[in-house]
Visitor: 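Here you go, one structure.
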Amino acid sequence: MPEKVHTYFSESEGEKIQKETLEKEEKAVASTVLKEEKKKNKKKKQQGKTEDSELKDGFLQVKTDSGDSHKNKKRKREEIVDRDTTDGASAHVGSKHVNGKVGKSNGDIQKEGDVKTKKSQQGDTRRHKNFKQQPSIASQTNFNSLRERAKFLYETRKKLPIFASAEEIRSNMRKNDVMLLIGETGSGKSTQIPQFLVDEAWCKPVDRVITQEDGTTKTVSVGGCIAITQPRRVAAISLARRVAEEMGTPLGSSSPASKVGYSVRFDTSTSPSTRVKFLTEGMLLQEMLHDPWLTKYSAIIVDEVHERGVNVDLVMGFLRNLVSGKREGRGGVPLKAVVMSATADMESLQGFFSEGLNTQEKEQAQEKAAGVSVCHIKGRQFPVKTIYSPEPVHDFVDAALKVIFQIHYKEPMPGDILVFLTGQETVEALEYLVNDYATGMDPALPKVLVLPLFAALPQAAQQRVFLPAPPRTRKIILATNIAETSVTVSGVRYVVDCGKAKIKQFRTRLGLDSLLVKPISKSAAIQRKGRAGREAPGQCYRLYTEKDYLALDETNTPEILRCDLSQALLNMKARGVDDILNFPFLTRPPREALEKALLQLLNIQALEETGQISSIGLHMAKLPLTPTLGRVLLAAVENGPDCLRDVIDIISCLSVENIFLNTTSEEKKEEAEVARRDLYRREGDHLTMLATVQAYAAENTDRKAWATRHMVSHRAMQSVMDVRKQLTTQCRQAKLLPHPDDKTASRSSGSTAPSPILILQSFLAGFATNTARIVPDGSYRTVVGNQTVAIHPSSVLFGKKVEAIMYNEFVFTNRSYARGVSAVQMDWVGQALARQE
DNA sequence: AATCGGACC
């Protein structure tokens, strides 16, 4: 069988080393997380050698220090977590670059995959540094080596499909303020466009005299910086890292001379010289609350518009107003915009911008009036053959099982299989079936390694998908739509697509979220299929007929049509958009949905009767919370600092993913019951969360072990602590909480803990309408609307009967559930509702 | 009548 092994990698020296590593690993197949950790470390060292040996080749290069030592502690922790997440990707670097040699250039940057690879390299570099105990000189930025690296990278940049269009793009942007760019996967748009534009004359900062709201004037520097928005944090960070390398500049805050930075929640890394800044859409919206005219920027590049998250729609609306208005807040300096999408549904976007430009600039009637240019860039993908099911499929788990083994029997190695399913339940069902079937498989055949992948999966288990398969083994990744955009697994040549996904839809009339399995769109189907063609030609098996495919919607339903709009509208109100109904929505939500959200904001006193934003509302908009949770926080202020601190702890839990690990099996559930006994509170989930945060925070020796012991998600708890710190800091700045060194105000040791009653009453200020009372048959009915609702099985109150409940979320899956539930008294509910009248 | 797809401030 050595043949098989040899076909996996070609012949360079570095790859041989890597191959040997893999063989060694096969002998020590690790089954426990602990073993995996060790193995990883071993491999990393090997990886380091691989890189060294390839240095002269130039495919990979160990980065010299980029001054990371200046970063604060928390950031380091996050980087380590980050690196670990993507660690496995580095193991694939070898094979990826081999592919580059035989057919495909290694230069095309694919945000989620390739750039992550860079990150892992840096992680490895840091490890080396620690190992070798390098002297402090290493913390200085080595500009020469940065320049050399950039020079080398330039050669690969030149081969990107987009590179030939650089001059056309520059020229378009000189003529027009807005450009729409359709660039398929692998075109290089996200990394190259900012570099094409940053040295343009219009991108220089200029001083302008601006009349402020109070009538006074002041001189302000306008422009000079380009922002590129991303839907996801990891993408923003890894793109920034890559572009910094290509530009030969240190990254972010590591040097005052750094020209490239990024900004995501909990992690902003910029310098006074930052000219290219990658940020999440949410972060740009946050910046706009403080700087509505985006005076720092000469251009905003909006990337991945086709994903149509609610934030990108808001950004687009604000941007349209900014490019078409009189620019008074910018001293007349234009703000340019590049809107980038992977799919070609851009005609509507063109209309969206040109409509605004026409109406606003009609009077000026100048022929050089900003128009909208459009640019198409070819992508770089390997062909993927589509195989449809000849018959409609009733049970896609069963159908997937058959197709998986059909591929496994028929198709040569290597070539991993990525299966798109709908959720944890289907993933685990198929995992069981594949493993069961594989036990009876002919031992002469390659083995299969089944790897589940979904967001709720613990980090260590997620990482397993990035490890290369042992020799003679085919990886079968069973994933939710996390693998559509957020996670890229290398080595995949076969995709199996069930054609469905769980999609959340907010039902305005009922105030209810539903999470149902629905057919995906054509563009999602194309996206899934594309995952088979990133490294080599591939195949996509669709578990539905071609007729079914043709009947699918063209694109995903924009999130703005599927979600509760209150947070979006509060942000708009805080930005000074008074007339919500006339806001330039890319897709206009139904009037009813807008009105419902406005009413909701009015109910929680975020708006005045006039529809103007209230001072409470303005405060809420600045908090990184949903309006309801923001309202709860402000209500807790009234109950004193001790209550506020506790409420912050609970809110922090509610605003991250589930802190308790899922218990799927019956034994696990019992196990969890025992492990969490000291955390459970009979008052409900809110106080249980409080107990959990406080116990976790009090654990000073080994929080990870504590989390494992209590079957609590360590990853989620880390996020909780981040949110908690952010909220606490914000409350201190707003003088809602005393400063920590203010002795008189710190929690006095003699006083009792704030009563659970005060805490729950604070919550009712935001959740008065999320309440239900028990009826004689023992079920619950909502106080407003009288609908049946059941306590979700994940709640500590599941199966319990109390007078009334308050809940964080009202979701419909196969029935209506209340999630995040606490027991309350009906008269509290009455009082809270009365206050809203 | 027994359990949530994926992001983000």
Side-chain angles (χ1 to χ4, degrees), chain A residues 112 229-236 263-268 279-290 304 307-315 420-428 453-457 479-487 498 500-505 513-518 520 524 527 556 559 562-563 567-568 570-571 574 620-627 629-630 655-658 660-666 668-669 672 719 722-723 726-727 730 778-779 788-795 798-799 808-820:
Chain A
E112 325 281 350
T229 70
Q230 291 294 320
R232 282 169 294 280
R233 302 167 39 119
V234 273
S263 181
V264 304
R265 189 180 185 186
F266 307 126
D267 188 0
T268 291
L279 31 59
T280 49
E281 293 150 0
M283 214 60 189
L284 186 70
L285 290 175
Q286 206 64 29
E287 284 191 8
M288 290 178 95
L289 285 180
H290 299 103
E304 312 283 20
E307 292 192 21
R308 295 299 302 275
V310 61
N311 284 344
V312 89
D313 279 26
L314 289 187
V315 166
F420 283 100
L421 299 162
T422 54
Q424 183 175 355
E425 198 182 342
T426 49
V427 165
E428 287 174 349
L453 179 65
F454 45 90
L457 202 67
T480 60
N481 41 11
I482 191 174
E484 239 173 64
T485 50
S486 305
V487 170
C498 75
K500 302 215 168 354
K502 280 187 182 170
I503 292 166
K504 209 172 212 176
Q505 172 89 43
D513 257 324
S514 62
L515 187 68
L516 301 174
V517 174
K518 294 204 160 153
I520 59 174
Q527 175 74 17
N556 294 346
E559 197 185 4
R562 298 189 288 108
C563 72
Q567 193 166 10
L570 182 64
N571 190 298
M620 283 162 49
K622 287 176 183 160
L623 292 167
L625 297 169
T626 59
L629 285 175
S655 62
V656 308
E657 48 168 327
N658 198 357
F660 294 111
L661 293 173
N662 280 356
T663 50
T664 38
S665 67
E666 203 53 42
K668 278 248 174 171
K669 197 181 160 102
S719 314
D722 283 338
V723 178
Q726 190 185 21
L727 293 176
Q730 247 174 295
S779 67
T788 304
V789 59
I791 296 174
H792 195 270
S794 64
S795 171
F798 177 67
N808 191 47
E809 227 182 339
F810 185 29
V811 234
F812 186 90
T813 48
N814 37 31
R815 60 185 299 195
S816 293
Y817 283 114
R819 299 184 79 236

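A quick note: this is a predicted structure, and the numbers were derived from the prediction, not measured.
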Visitor: Could you pull out all residues at least two apart from A818(A) that satisfy side-chain contact (heavy atoms from CB on, under 4.5 Å)?
Guide: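 side-chain contact (heavy atoms from CB on, under 4.5 Å) list for A818(A), sorted by chain: V789(A), I805(A), Y807(A), V821(A).
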Visitor: With DNA chain B as reference, determine whether T480(A) or L623(A) sits nearer its 5' end, using the nearest nucleotide of each.
Guide: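 First, find each residue's nearest nucleotide; the 5'-ward one identifies T480(A).
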Visitor: Kindly write out the residues that satisfy salt bridge (Lys or Arg N to Asp or Glu O under 4.0 Å) with E484(A), not counting sequence neighbours, or none if the list is empty.
Guide: R528(A)
Visitor: First and last nucleotide of DNA chain B in contact with chain A, 5' to 3', at under 4.0 Å to a heavy atom: what are they?
Guide: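 With heavy atoms of chain A under 4.0 Å away, the range is dA1(B) to dC9(B).
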Visitor: Could you tell me whether a side-chain N or O of E559(A) sits under 3.5 Å from a main-chain N or O of G309(A), the two making a donor and an acceptor?
Guide: no
Visitor: Quick one: label V517(A) by what it contacts on the DNA or RNA (base, sugar-phosphate, nothing), any heavy atom closer than 4.0 Å.
Guide: nothing
Visitor: Check side-chain contact (heavy atoms from CB on, under 4.5 Å) between P231(A) and all other residues, then give those that pass, not counting sequence neighbours.
Guide: E281(A), E304(A), E307(A)
Visitor: Heavy atoms only, 4.0 Å cut-off, all strands: where does I503(A) land among base, sugar-phosphate and nothing?
Guide: nothing
Visitor: For T663(A), answer base if it contacts any base atom (sugar-phosphate contacts may also be present), sugar-phosphate if it contacts only those atoms, and nothing otherwise; contact means non-hydrogen atoms under 4.0 Å.
Guide: base
Visitor: Mind checking salt bridge (Lys or Arg N to Asp or Glu O under 4.0 Å) for R562(A) and listing every partner two or more places apart, or none if nothing turns up?
Guide: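 Salt bridge (Lys or Arg N to Asp or Glu O under 4.0 Å) list for R562(A), sorted by chain: empty.
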Visitor: Would you classify E559(A) as touching base, sugar-phosphate or nothing, given that sugar-phosphate means primed atoms plus P, OP1 and OP2, and contacts are heavy atoms under 4.0 Å?
Guide: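 If one applies the 4.0 Å heavy-atom cut-off, E559(A) turns out to touch a base.
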Visitor: For F798(A) and Q424(A), take the nucleotide of DNA chain B holding the closest heavy atom to each; which residue's nucleotide lies nearer the 5' end?
Guide: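 Counting from the 5' end, the first nearest nucleotide belongs to F798(A).
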Visitor: With sequence neighbours left out, what residues match E657(A) under salt bridge (Lys or Arg N to Asp or Glu O under 4.0 Å)?
Guide: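 Result, salt bridge (Lys or Arg N to Asp or Glu O under 4.0 Å) vs E657(A): R715(A).
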